[in-house]
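Encoded as C-alpha cells, the structure appears first; notes follow it.
Computed from a predicted structure; not experimentally measured. One is the number of the first residue; the rest follow in order along the sequence.
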Amino acid sequence: MFPLARLARPVALRAVPLVRPSCFYTTAASADSITDTVTKEFIQQAKKGNRSKKTPSSEFIVIDGLPATTTVEDIRKLAREAISQGDSCIREVIFCRQNDFKFFGRCVVQMDNSTHAGKLAEYGHMRLVGGSHIKMKLAGQESSDSKAFINRLRRPELTSVADASSAAGRSVLVTGLPPKTSADQVLGILRSKNLYPADGTSQSVVPLRARQQAAVAKYLVKFESESEAWRCVRAFHNTNFNLKTSNTDYRLDVSVVY
C-alpha cells in the first residue's frame, strides 16, 4: 500500500498559451470591410461568367417539330402574339426540305432585327402548332453572313421563270402520277380543270427527283398566286388519275409548297 501523503501530493500544471481562433467578424468595421471584398469578388466572377457565355444574337430563328400541315400563316400568328409590331417584323419564312422535296418539320424565319428574333424565339418555344410542340432557337454563327445563309436555304426549284423572286406559297407539289409522265402531260391534266401555271407554259412544271425505284412521279407546279395554288389542291388532292394504257388508277397527293 502507498502512503496517503504521496497520493495527496499536488501535481504541477504547465501553463498552455491561449490561442484565439481566427474569426472573420471581429469588429463591425472589419465585418463591413470583408463583406465589401467578398461582394466585389463575386460580382467580378459573375461578369467573367457572363462574358464567357454570351447570349446568342441573330436575326434568324430555327423552328423544329412543325407538322406537315403548317403554313406561313401559323408562323405569322405567333409573331403577332409575341411582338407588338406583329408579323410586319418577318422578312422571310423558308420551309426546309429534303432532297426529294419532302418537308421534315423545320423552317427558318428571318426577322428585321435580332431583338424581335429573340422575343419570338422566347415566346414560341414549346408552343402548340397543329397539335405538335415546336422548338424555337436563334441561329448560331453560321448565320453571321445573312445573305449567304439565306441563299443556302432557298431551293433553286422555287425560283420563278419570270423573275428571281421565290415561288414559295404559290406552288404545289404533285405526287402520285405515273413514273413516265412528262411536263407537257401534267400541263394537259391541269388544263382539264381550267388551271394554268405561271406564264402558261410547261417551264413552270418542274420534275423533281424522286426516291430510288419510286413507283410514281413528282412535280412542282408554279402558279401566279397562292389562291390558284390552293384551287389546284382542292381540284386534285386525293383524287384518282387513270392511266388508260394499263387501266391503272394512281392516287394523287397535292399540297401547297411554302
Side-chain angles (χ1 to χ4, degrees), residues 38-99 101-160 163-171 173 225-226 229-230 255-258:
V38 173
T39 302
K40 288 178 181 178
E41 290 179 354
F42 177 79
I43 292 173
Q44 289 175 357
Q45 291 293 332
K47 286 182 178 179
K48 288 181 181 179
N50 290 336
R51 284 195 296 267
S52 61
K53 298 181 180 179
K54 293 182 179 180
T55 303
S57 177
S58 175
E59 63 188 32
F60 292 96
I61 305 168
V62 180
I63 308 177
D64 282 309
L66 291 167
T69 55
T70 305
T71 67
V72 173
E73 180 57 28
D74 294 321
I75 309 302
R76 292 191 174 277
K77 181 177 181 293
L78 289 173
R80 290 194 294 269
E81 294 171 353
I83 307 169
S84 58
Q85 291 84 348
D87 58 2
S88 61
C89 300
I90 295 178
R91 287 183 179 175
E92 189 170 356
V93 179
I94 297 178
F95 283 64
C96 301
R97 299 179 178 275
Q98 297 174 350
N99 292 332
F101 228 73
K102 183 179 180 181
F103 175 59
F104 60 92
R106 172 178 295 173
C107 83
V108 176
V109 183
Q110 184 182 20
M111 305 294 288
D112 57 353
N113 58 57
S114 59
T115 301
H116 289 152
K119 288 182 178 180
L120 178 55
E122 182 178 0
Y123 174 83
H125 184 61
M126 297 308 294
R127 293 275 171 178
L128 274 174
V129 173
S132 299
H133 286 283
I134 63 172
K135 296 179 181 180
M136 281 195 185
K137 65 178 181 180
L138 295 177
Q141 290 296 324
E142 69 276 6
S143 66
S144 56
D145 187 343
S146 59
K147 187 175 181 180
F149 180 67
I150 201 75
N151 284 336
R152 287 197 302 269
L153 295 172
R154 292 192 182 108
R155 292 297 294 259
E157 298 92 339
L158 287 171
T159 302
S160 175
D163 53 60
S165 62
S166 175
R170 55 185 177 87
S171 300
L173 181 64
S225 65
E226 186 175 3
W230 277 107
S255 59
V256 177
V257 173
Y258 290 99

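Interatomic distance, CD1 of Ile63 versus CD1 of Ile94, reported as 12.0 Å (0.5 Å rounding). Rounded to the nearest 0.5 Å, atoms OH (Tyr258) and SG (Cys107) are 12.5 Å apart. Interatomic distance, Arg97 CZ to Leu173 CG, rounded to the nearest 0.5 Å: 7.0 Å. One distance of note links OG1 of Thr71 with CG of Asp74; it measures 4.0 Å at 0.5 Å rounding. Here the straight-line distance linking atom CG of Asp112 with atom CD of Glu59 works out to 8.5 Å at 0.5 Å rounding. Summarising the geometry, atom OG1 belonging to Thr70 is positioned 5.5 Å from atom CZ belonging to Phe103; distances are rounded to the nearest 0.5 Å.
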TODO: Under the side-chain contact (heavy atoms from CB on, under 4.5 Å) rule, what do Cys96 and Val108 come out as? Steps first, then yes or no, please.
DONE: CA-CA 7 Å; Cys96 301; Val108 176; 4.0 Å; yes

Open item on the list: Could you walk me through whether Cys89 and Met111 satisfy the side-chain contact (heavy atoms from CB on, under 4.5 Å) test, starting with their C-alpha distance in whole Å, then the side-chain angles of each, then the deciding distance to 0.1 Å, before giving a yes or no?
Closed with: CA-CA 6 Å; Cys89 300; Met111 305 294 288; 3.8 Å; yes

- [ ] I would like to know whether Tyr123 and Ile83 meet side-chain contact (heavy atoms from CB on, under 4.5 Å); could you show each step before the answer?
- [x] CA-CA 9 Å; Tyr123 174 83; Ile83 307 169; over 6 Å; no

Task: Full working for side-chain contact (heavy atoms from CB on, under 4.5 Å) between Val256 and Trp230 - done: CA-CA 7 Å; Val256 177; Trp230 277 107; 3.4 Å; yes

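Ile90 and Ala79 make their closest contact through CD1-CB, 3.7 Å (heavy atoms, listed as atom of the first residue, atom of the second, distance). Closest non-hydrogen pair, Glu226 versus Gly169, comes out as CG-O, 3.0 Å.
Residues Phe95 and Leu158 fail the side-chain proximity criterion, which asks for heavy atoms closer than 4.5 Å.
Heavy-atom contacts from other residues, nucleotides or ligands closer than 6.0 Å to CD of Gln85 number more than 12. Counted within 6.0 Å of CZ on Arg76, heavy atoms from surrounding residues, nucleotides or ligands total more than 12; the atom is thus considered enclosed.
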Cut-off 3.5 Å, no hydrogens considered: what does the side-chain donor-acceptor table look like for residues 128-136, sequence neighbours left out?
unit_1: His133; atom_1: ND1; unit_2: Met126; atom_2: O; d: 3.1

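With respect to the salt-bridge test (charged N to carboxylate O, under 4.0 angstrom), the residues Asp64 and Arg106 qualify. The residues Lys77 and Glu73 are annotated as not salt-bridged, no charged nitrogen and carboxylate oxygen being separated by less than 4.0 angstrom.
Sorted by first and then second residue, the pairs that involve residues 140-154 and meet side-chain hydrogen bond (donor to acceptor under 3.5 Å, both in side chains), not counting sequence neighbours, are Ser58-Ser143, Glu92-Arg154, Asn151-Arg154.
The aromatic rings of Phe149 and Phe60 sit perpendicular, their planes meeting at an angle over 60°, well past the 30° parallel limit.
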